[in-house]
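These notes are about the structure you will find just below.
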Amino acid sequence: MRFLEDIIVKFGSVDRRVIFVLIGLAVLVPLLNPIDLAIRPTPSSQRVYDAVDSIPDNSKVLISFDYGPSTKPEIHPMTLGVMRHILSQDRGHKIYITCLWPDGLYMAKDALKIINEEYDLVEYEDYVLLGFRPGNEAVVKGLASDLRKVFTVDAAQKSINEIPMMEGVNNLNDFQFIFTGSAGYPGTFEWVQYGADPTGVPLSSGTTSIQVNEVMPYVQSGQLQGILAGMPGAAEYEKLIDTPGIAIQGMAAQSYGHVVIVLFIILGNLAYFITERRERKY
Amino acid sequence: MDNKRVVIYTVGILGIVIFTFILSQFHIFNSSRSFMFIVLLTVIMVLFNEIQNARKDSDSIFLRDIPGLKAVEEAVGRSTEMGRPILYVPGIMDMNEVETVAGVIILGHVAQMTAQYETGLDVPVARAIVMQAARESCKEAYLSQGRPEMFNEDMVHYISDDQFAYAAGVNGIMQRDKPAACLYMGKFYAESLLFAETGNGIGAIQIAGTASQAQIPFFVTACDYTLMGEEFFAASAYLSRKPELIGGVKTQDTVKLMLIGLIIVCLVMRALFDLDIVSFNLLDMIG
Amino acid sequence: MPFSTILGAWIAVFLTLGIFSYLYRDNPFYKIAEHIFVGVSAAYWAATFYWTQIYPNLFGRLFAVDSPFASMYVLDKGHEYNGLYFFPLLLGIMMLLSIFKQINWMARWGIAYTVGIAAGLKTFGYLSSNVISQIKSTAVDLFSGSLPFFAMPGDSIFNNIVIFIGTISALMYFYFSREQSGLYGRFTRLGIYFLMISFGASFGFAVMGRISLLIGRFNDLILFSNPSYNYGTFWMLGLIIVVLGYWSFQNPEIKEG
Amino acid sequence: MIWKRYIPIAIVGFFGSLTLFGWFIENEGIKSFIDDDATQWYDIIASFAIFLGALNLLKLQFLKVLKRKAGWEYSVVAILSFLIVFVIGFFMRGAFVVDIPNTDIQSTYFTQGAAEEAVNHLKDSGIIASITPAQWGAHIQTEGGLFKWMFDNIFTPLSATMFALLAFYVASASYRAFRARNFEATLLLLAGIIIMIGRVPIGSLISSWMIMYLLVLVIGILINTYFRSRQLVFGWVALGLIGVTVLGSSMGWPIDQPAVFYLPALQEWIYTVPNLAGARAIMIGIGLGVVVTSLRYIFGLEKSYIGNQ
């Protein structure tokens, strides 16, 4: 027993790089030979799926790309999942894309490139990329009151009036559903405060794991129709629309990463209590 | 809330409701948001009243003691006994962040104590403007304790604007000088982990204060004491003795009580509605 | 696979491994990658904000088709001319001029405008969505009879009671005008327990997010190690290990602590 | 003094109250000004502020080089990369689209020369193709353009990897810094662990019976440390193990029953009930803080944003 205690305590003072190698391997190995783990959707992901499913036919859907490259692994599978879900039912939905983050523009172009390979979409008829506008919450407020003043041209600098699907679209009230893939500020908070609450348009959101708990009260109060929480949330959504993608592939690595961190916390605390008890003895 | 305030605020709210009712007769007023208008005017009324009270005599304003602040005094005492310096990290952001301003205010309080106990104080910063403000705050503290000779400019020194370079610099200081107490007061991002881990490694007392919600959980588990969110702002308001700041804290307290009252009223009214004792549901009327 | 994509992949791998090399120790590769990031991101932000806002929405209005300067230069972005837009232009230029020390007070007008507008938006936005809406949903459903007393998972009256008491006790923990002692002290102690569970959830989600981002980077490195990218990851890994090994042999690490 | 202090305070006061009370005004003129022009001006000034940030950064690096401070060579790298991307962004179109009429085959080249060469090459094999340079403004996000190439291969890996570093720091902090030093910290770590394991697929593989056995052992250890009596510990552990086994076999060992010990279900309850109460109290608390601070800005009671001279 004493021998075991010594190992745990000694491991605490080992060089930090050993711990780095351990967590690195715990994440890398399952990525190299993926193990298929059963995924169980949580109620908050299910609620997003139901919200998207219950959009009336031939609706106008606004998808906002409010994230950048550094949080792409968590959010990109979500926005792709929602777009696939909307298009796979071919119920005549039209997709309008805005970005509150400058690099959200590139995330949107990347997503459109992937989606175009799977569904033959016609730009300006099935989807329009309105692009990025700086100004954070001011942009959302502007969209709620007069979209045509915020976006006079789309991302390819084409005038709004020349785009057929923009007819009758003057502000957020003309949309039947909004989805924001959000990595921070501006993002879900601003869409709830200046987008969904003032207009009543149903809003769902996919956020990075770190932001999930701050946004969570909106879900219970009904201001948000469910939440996709981090990469696990994205994997659950991929399972719900059963098109396995990059999020599901990452779940094994995510699981082992968590197990290793939990073991570190438990071992670290054991070492702490052991040294504490030994000090109390002398 | 003493009953003088209860009377003022009840009369105030009645006045606001009447004023809003009059306004709602004009079509220029968006009456669908009248409830929000009433709430907004109430908060403004409470704000001006509490700042007025704080301006009259800010010493009479009561503030419960905050465990984190008491721990700071203990930490300074411990450092003095062990003859080792105190490390104070005022966050990595600039003076335009409210949390950095609060961090510099608390620094002034700590500097007063280190002047009194003649303990070493080391303040590495990540922004040039924060360096100036921190130096002013320390100089004032040492003067107020009558120890101008103990203050030297290099106590507060600039390391780097970049997040990880700053973290590496502070870690180097910790390992070299082995301070007995490390205080992290301000706005932090992921580098909070690096400070807390190195501080743990050298066995220092660690006290953190921040409103950055993503970092509070890490500080709570890694430090001995943490001033969490509002505690951090209340502590700095109290120490600054500025009527606007103290008034702000008292306003939030007062409005919080009113809101809890509103929750209970809504709960009761909803229960009555659900049990069909009452025909209308108050919740739908609230904007 | 066009040459520019392969070259791009190799550069991406070099920069990724350069940043990761910081885990071994602070070294020239990390410093180069980090300073490239500093320079590139500054220029990237400037270019993106100019072309998406200043160019179409400011100059688009000042040099619109019907503007008095139309003879000089026309930029048709679907706006009509609006002379008021000289105000933001003036504030913007003052901000740029504030880089010079003696007149750095000039930035204050622009900052004041953004602080003013943000304060006006935030006051209503937070009061309505983050305070009042949350207050309304804390008046929970206890007697509507549509909920079972206890259910796991799913809503229940027991859950609603816990939410009601938890929210109020946690709110009272951050109440500063009364000493936390006696019965009231025990009530706020209950509040700190609810707060701790909430911080625990944030802790769990924060760790989850960071692992996901690491997965994203490893996915890229694995992708770029394929033959179609001429084994970019392996070449770069080899290069960095050799050079780094030699460099750290030259200047050994002073044993910290 | 007026220019430096009173005018900024007046700007905050005027535009702040206009935007704040604008929410309650029904007048078209004011509403359209606040909702559109005022917000457009906000966007424009925010863009200039970003420009200022970039210039400040550059100034910092220049000073480092001029004064030959430690590590100035790396500042040269920063300035060079800034200039290269600045030139690409502002002065080079970097995107010349060559497309063959009435087909959707198209490819983009970085330079005019490369595009012309491709067109001549096509002409030799009898296909006429046209070159359309990307419009100014759209050139920075044209697929295959030089700016987009720089974004994909330089900006994205750098910013993504800076974040990914944190996973390693969390791991080492998990071992060396996160301590259950008091009941609150223990509650925090327990809730964190249950949520971390409950929300990933591996969590649903751990049966509630395994958790119950684990609980019996952990309580046994706690009894041992606090009560120090051997019989009590053995009594409890034996009783606990038998009880769980009997209950398990009577229910046929279902993996997710009783739900309170099945991690995904327990995680969901913790997440949607106690966590919600805490998160809501924090949201209300911060909300009030933002409202009071913003009101202090508007009514000129808070002037830290313009310094105190």
Side-chain angles (χ1 to χ4, degrees), chain C residues 8 11-12 15-16 19 31 35-40 42-43 45-47 49 51 53-54 58 88 91-92 95 99 105 108 110 112 115-117 119-120 122-124 126-127 130-131 134 152-153 159 162-163 166-167 170-171 174 194-201 203-204 210-211 213-214 217, chain D residues 4 8 11-12 15-16 19-20 23 41-45 47-48 50-52 54-55 57 74 77-78 81-82 85-86 89 137 140 153-154 157-158 161 163-164 166-167 170 184 187-188 191-192 195-196 259 268 273-275 277-281 283-285 287 290-291 294 297-298 305-306:
Chain C
I11 292 175
L15 295 174
T16 304
I19 299 281
K31 285 205 173 70
H35 279 80
I36 290 177
F37 181 45
V38 165
V40 161
W45 294 114
F49 276 78
W51 290 113
Q53 184 60 26
I54 296 174
L58 177 64
L91 261 56
M95 269 194 141
I99 195 145
W105 62 268
R108 290 185 185 166
V115 163
I117 295 283
K122 282 194 167 114
T123 305
F124 184 85
Y126 275 83
L127 197 59
N130 287 30
V131 177
Q134 300 308 320
M152 172 98 133
N159 288 359
V162 170
I163 289 172
T167 307
L171 266 175
F174 288 119
F194 277 100
L195 288 169
M196 281 303 152
I197 292 176
S198 184
F199 287 139
F203 173 84
R210 293 193 174 144
I211 301 284
L213 296 179
L214 182 59
R217 293 321 299 142
Chain D
K4 289 187 184 172
I11 292 177
V12 172
F15 285 106
T19 318
L20 175 56
W23 290 92
W41 295 0
Y42 180 90
D43 302 345
I44 291 166
I45 294 169
S47 310
F48 276 103
I50 298 288
F51 248 82
L52 178 63
L55 290 179
L57 205 78
Y74 298 110
V77 168
S81 12
F82 175 86
V85 174
F86 194 83
I140 58 169
N153 300 307
I154 297 176
L158 281 169
T161 313
F163 264 83
L166 311 182
V170 165
E184 284 87 1
L187 214 55
L188 189 150
I195 289 218
M196 263 199 282
E268 196 61 31
V273 182
N275 167 51
R280 174 162 287 156
M283 180 181 261
I284 294 171
V290 166
V291 167
S294 301
Y297 276 122
I298 293 176
Y305 63 93
I306 47 171

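Residue numbering restarts at 1 for every chain, and letters A, B, ... go by the order of the sequence lines.
- Panel note: side chain Ser198(C), backbone Ala279(D); a donor-acceptor pair is recorded below 3.5 Å.
- Going from atom CD1 of Ile117(C) over to atom CH2 of Trp41(D) covers 9.0 Å, rounded to the nearest 0.5 Å.
- Counting heavy-atom pairs closer than 4.5 Å to chain D, the top-ranked of the candidates Leu195(C), Leu91(C), Val115(C) is Val115(C).
- Between Ile11(C) and Asn153(D), the shortest heavy-atom distance links the atoms CG2-O, 3.9 Å.
- Counting heavy-atom pairs closer than 4.5 Å to chain D, the top residue among Ile163(C), Val131(C), Val38(C) is Ile163(C).
- Judged as a salt bridge (charged side-chain N to carboxylate O under 4.0 Å, His left out), and not counting sequence neighbours, Glu268(D) has no contacts.
- For the set Ala54(D), Ala78(D), Gly16(D), Gly287(D), the count of heavy-atom pairs under 4.5 angstrom toward chain C peaks at Ala78(D).
- Listed here is the closest heavy atom pair of Pro8(D) and Ala112(C): O-CB, 3.4 Å.
- In terms of heavy-atom pairs under 4.5 Å with chain D, the best-connected choice from Ile99(C), Val162(C), Leu171(C) is Ile99(C).
- Within the 4.5 angstrom heavy-atom criterion, only side-chain atoms of Trp23(D), from C-beta onward, approach chain C.
- Here the straight-line distance linking atom CD1 of Ile45(D) with atom CD of Gln53(C) works out to 10.5 Å at 0.5 Å rounding.
- Of the inter-residue distances, the one linking Leu52(D) atom CG with Met95(C) atom CE reads 6.0 Å to the nearest 0.5 angstrom.
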* Worked check of side-chain contact (heavy atoms from CB on, under 4.5 Å) between Leu58(C) and Phe48(D) -> CA-CA 11 Å; Leu58(C) 177 64; Phe48(D) 276 103; 4.0 Å; yes
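- For chain C, the option among Gly285(D), Gly89(D), Ser47(D) with the highest count of heavy-atom pairs below 4.5 Å is Ser47(D).
- Heavy atoms of Val170(D) lying under 4.5 Å from chain C belong exclusively to its side chain.
- For Arg280(D), there are no salt bridge (charged side-chain N to carboxylate O under 4.0 Å, His left out) partners at least two apart in sequence or on another chain.
- The shortest non-hydrogen separation linking Gly200(C) to Ala191(D) is CA-CB, 4.1 Å.
- Only the side chain of Ile50(D) comes within less than 4.5 Å of a heavy atom of chain C; its backbone N, CA, C and O stay farther away.
- The minimum heavy-atom distance between Phe194(C) and Ala277(D), with the atom names listed, is CD2-CB, 4.0 Å.
- Taking both residues in full, the closest heavy atoms of Arg210(C) and Ala167(D) are given as O-CB, 3.6 Å, listed atom of the first, atom of the second, then distance.
- When the candidates Leu158(D), Ile298(D), Asp43(D) are compared by the number of heavy-atom contacts under 4.5 Å with chain C, Leu158(D) comes out ahead.
- Rounded to the nearest 0.5 angstrom, Ile197(C) CD1 and Leu187(D) CG are separated by 4.5 Å.
- Between atom CG of residue Leu57(D) and atom CH2 of residue Trp45(C) there is a gap of 12.5 Å, rounded to the nearest 0.5 Å.
- Heavy-atom contacts from other residues, nucleotides or ligands closer than 6.0 Å to CZ of Phe49(C) number more than 12.
- Taking both residues in full, the closest heavy atoms of Leu20(D) and Phe124(C) are given as CD1-N, 4.2 Å, listed atom of the first, atom of the second, then distance.
- Comparing Gly110(C), Ala201(C), Gly92(C), Ala170(C) by heavy-atom pairs within less than 4.5 Å of chain D, the highest count is held by Gly92(C).
- Taken to the nearest 0.5 Å, the CG atom of Asn275(D) stands 10.5 Å off from the CZ atom of Phe199(C).
- Proximity of Phe203(C) to Met196(D): side-chain heavy atoms (C-beta onward) are separated by under 4.5 Å at one or more points.
- Residue Ile140(D) touches chain C through its side chain alone, counting heavy-atom pairs closer than 4.5 Å.
- Chosen from Leu127(C), Ile211(C), Ile36(C), Leu213(C), the residue pairing most often with chain D at heavy-atom distances under 4.5 Å is Ile36(C).
- In terms of non-hydrogen atom pairs under 4.5 Å with chain C, the most contact-rich of Phe51(D), Phe163(D), Tyr74(D), Phe86(D) is Tyr74(D).
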